[in-house]
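Note that the numbering runs from 1 along the sequence shown for the chain. One-based numbering, in listed order, for ligands and for the atoms of each. Quick note: numbers below take in every heavy atom, side chains included, and nothing from hydrogens, waters or symmetry partners.
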Amino acid sequence: MSIIAEKPLVTTLGASIEAIQQHYDLSNDFYALWLDETMTYSCALWESGDTLEQAQIRKLDYHLEQARARNANRFLEIGSGWGSLLAHAVKRFDVRFAQGLTLSQAQHDYVRERYPQDADPRIRVDVDSWEDHHPEQPYDAIVSLGAMEHFSHPRDSAAEKVAKYRRFFERCHDMLNPGGFMSLQTITFGSGEFGPSAVADIFPESHLPRLGEIIEASARTFELVRLRNDRRDYARTSREWLKRLNARRELAAELVGEETVHDYRKYLAAGGWAHTKGVFYLYRLTLQRLA
Ligand SMILES: C[S@@+](CC[C@H](N)C(=O)[O-])C[C@H]1O[C@@H](n2cnc3c(N)ncnc32)[C@H](O)[C@@H]1O
C-alpha cells in the first residue's frame, strides 16, 4: 500500500514553521490589542499628523503601486500576515485574485474567517512557504513585507545567506510574468554587526539580511529600480505599538501572561531604539523581473 501525503510538509530555508508559529500564533487577540485596526504588522509609511492606521494604509498603497498591482489578474503576497494587504489589493486596487502565503496557522484561520472565500473568492491564503508554492499560472505582481527577515538562519555564513536569498529571488522570478514587478520591504542590519538580543530572542531561528546580500542575490533575476531606507518610520511605528501595548498592558497579561508582555515591551523598545540609531535599517525595494 502506498501512502501519498495530501500536501508535502512545509520546508523552509530560514526559520522553521515551528519557530514562526511560536511568534505569530501566540494569540490573535493579543496582537489586536496593539496593532492597528487592519492588523498590519510591518513598518508603516508616515506623514506628519497620521494615525497608525493611516500610515499603514499609506504603506499598503505604496507597495501595491510599486508592484503595479492595479487591475492585476493574479497577485501574490509572500508573508501575508493577518491579510490587510490582500484585502486592500482586491478592494482598492481591483485585483481579481490575491493569493497570500503565511507559515502561521493562526493568521491563516483569521484571514479565512475575516474574508471568507465563499463570500469573496478573490482572496485566498495558504499555510505554505515560498519554497513550496508552485502556482499553475504565474502572477502579475508580488509584494512581500516583513517576511525576508525570516529567510535565513542565525547559523548561516554570509555565503549561505546569499545562496538562500538567491533561491528566493529565483522562485519569485519564476512565479512572475515577464517584466512583472515585485515590491519588497525588509529590516536589515545597518551600522552594526548584531542587533539587540531582545529582538533576536523574540524571533527564533531568524536572521536579518544586509543590503549588499540582497543586491548580490537578486542581481541575475531582478533589476532594482527604486530603493528607500525609511528606518525612522520604523522607529515611529515601534513607538506607537509600544504605546498601545502599554495602555492595554493588563488585558495583554490576561491573554499571554506577564512575562510575555514584558518580553514584547522590551523587544518593541529595543527595535525602536535600533532603528533610531541606525543599528537597523528599513528598506523598501522596487524590483522588476529581468527577462
Ligand atoms: C512580520 S509578519 C508581516 C505580515 C504582513 N506582511 C504585514 O505586513 O502585516 C511576517 C510574515 O511572514 C510570514 N513568513 C515567514 N517566513 C515565511 C516563508 N518562508 N514563506 C511564507 N511566509 C513566511 C509569516 O508567517 C508572517 O505572516
Side-chain angles (χ1 to χ4, degrees), residues 8-26 28 31-32 34-45 52-53 55-64 67 75-89 98-112 114-115 123-135 142-153 164-165 167-169 171-172 175 182-187 199 202-209 230 233-234 237-238 241 264 267-268 271 280 282 284:
L9 292 174
V10 173
T11 53
T12 75
L13 293 168
S16 65
I17 187 164
E18 292 80 11
I20 292 291
Q21 293 188 352
Q22 189 177 318
H23 185 91
Y24 297 101
D25 284 13
L26 179 59
N28 289 343
Y31 286 107
W34 52 277
L35 297 178
D36 70 299
E37 168 63 22
T38 68
M39 293 286 276
T40 303
Y41 190 21
S42 51
C43 175
L45 182 54
L52 176 61
E53 186 168 342
Q56 288 295 13
I57 289 170
R58 177 171 298 99
K59 184 265 304 284
L60 301 182
D61 284 338
Y62 174 82
H63 285 289
L64 289 165
F75 168 80
L76 173 67
E77 185 186 12
I78 299 173
S80 50
W82 286 276
S84 59
L85 184 94
L86 299 174
H88 203 67
Q99 168 77 56
L101 303 179
T102 176
L103 295 185
S104 158
Q105 188 66 46
Q107 291 179 334
H108 165 274
D109 296 349
Y110 178 95
V111 175
R112 286 269 171 111
R114 187 161 175 176
Y115 314 104
I123 297 177
R124 184 188 165 89
V125 66
D126 289 302
V127 175
D128 212 355
S129 180
W130 55 267
E131 289 99 316
D132 298 325
H133 183 65
H134 294 279
I142 300 179
V143 171
S144 184
L145 312 178
M148 197 171 190
E149 292 89 331
H150 300 299
F151 296 171
S152 75
H153 200 284
K164 289 182 176 185
Y165 299 149
R167 283 269 293 277
F168 169 68
F169 287 113
R171 284 291 310 124
C172 291
M175 288 193 280
M182 168 158 77
S183 196
L184 188 65
Q185 174 173 307
T186 182
I187 305 170
V199 179
I202 211 126
F203 293 109
E205 300 181 21
S206 298
H207 198 50
L208 295 180
D230 289 328
D233 277 352
Y234 218 144
T237 306
S238 302
W241 286 339
Y264 270 71
Y267 131 66
L268 292 174
F280 290 164
L282 186 281
R284 309 192 213 257

Centre-to-centre under 6.0 Å for Tyr267 and Tyr264, is that the case here? yes
Contact between ligand 1 and Phe151 is defined here as a heavy atom of the residue under 4.0 Å from a ligand atom; is it met? yes
List in chain and number order the residues that pass side chain to side chain contact (heavy atoms under 4.5 Å, CB included) with Ala15, two or more places apart in sequence or in another chain; answer none if no residue qualifies. Ala19, Ile20, His150, Glu205, Ser206
Assess Leu13 for proximity to ligand 1: is some non-hydrogen atom of it under 4.0 Å away? no
Using a 4.0 Å cutoff against the non-hydrogen atoms of Ser104, which atoms of ligand 1 qualify? 25 (O)
Report the part of Leu85 (side chain from C-beta onward, or backbone N, CA, C, O) that has a heavy atom under 4.0 Å from ligand 1; answer both or neither where that applies. neither
In this structure, does ligand 1 have an atom that sits under 4.0 Å from one of the heavy atoms of His133? no
Contacting atoms of ligand 1, where contact means under 4.0 angstrom from a heavy atom of Thr40: 8 (O), 9 (O)
Quick check, are the ring centers of Tyr41 and Trp34 under 6.0 angstrom apart? yes
Classify the contact between Gln107 and ligand 1 as side chain, backbone, both or neither, using a heavy-atom distance cut-off of under 4.0 Å. side chain
Tell me the protein heavy atom at minimum distance from atom 19 (N) of ligand 1, and give that distance in Å. Ser129 OG, 2.9 Å
Given Ser42, Cys43, Gly79, which has its nearest heavy atom closest to atom 22 (N) of ligand 1? Gly79
Sequence neighbours left out, what passes side-chain hydrogen bond (donor to acceptor under 3.5 Å, both in side chains) with Tyr234? Give chain and number order. none
With heavy atoms of Glu77 as the reference, note each atom of ligand 1 found under 4.0 Å away. 6 (N)
Among all protein heavy atoms in this structure, tell me which lies nearest to atom 3 (C) of ligand 1, with the distance rounded to 0.1 Å. Leu145 O, 3.4 Å
Looking only at heavy atoms of Ser84, does any of them come nearer than 4.0 Å to an atom of ligand 1? no
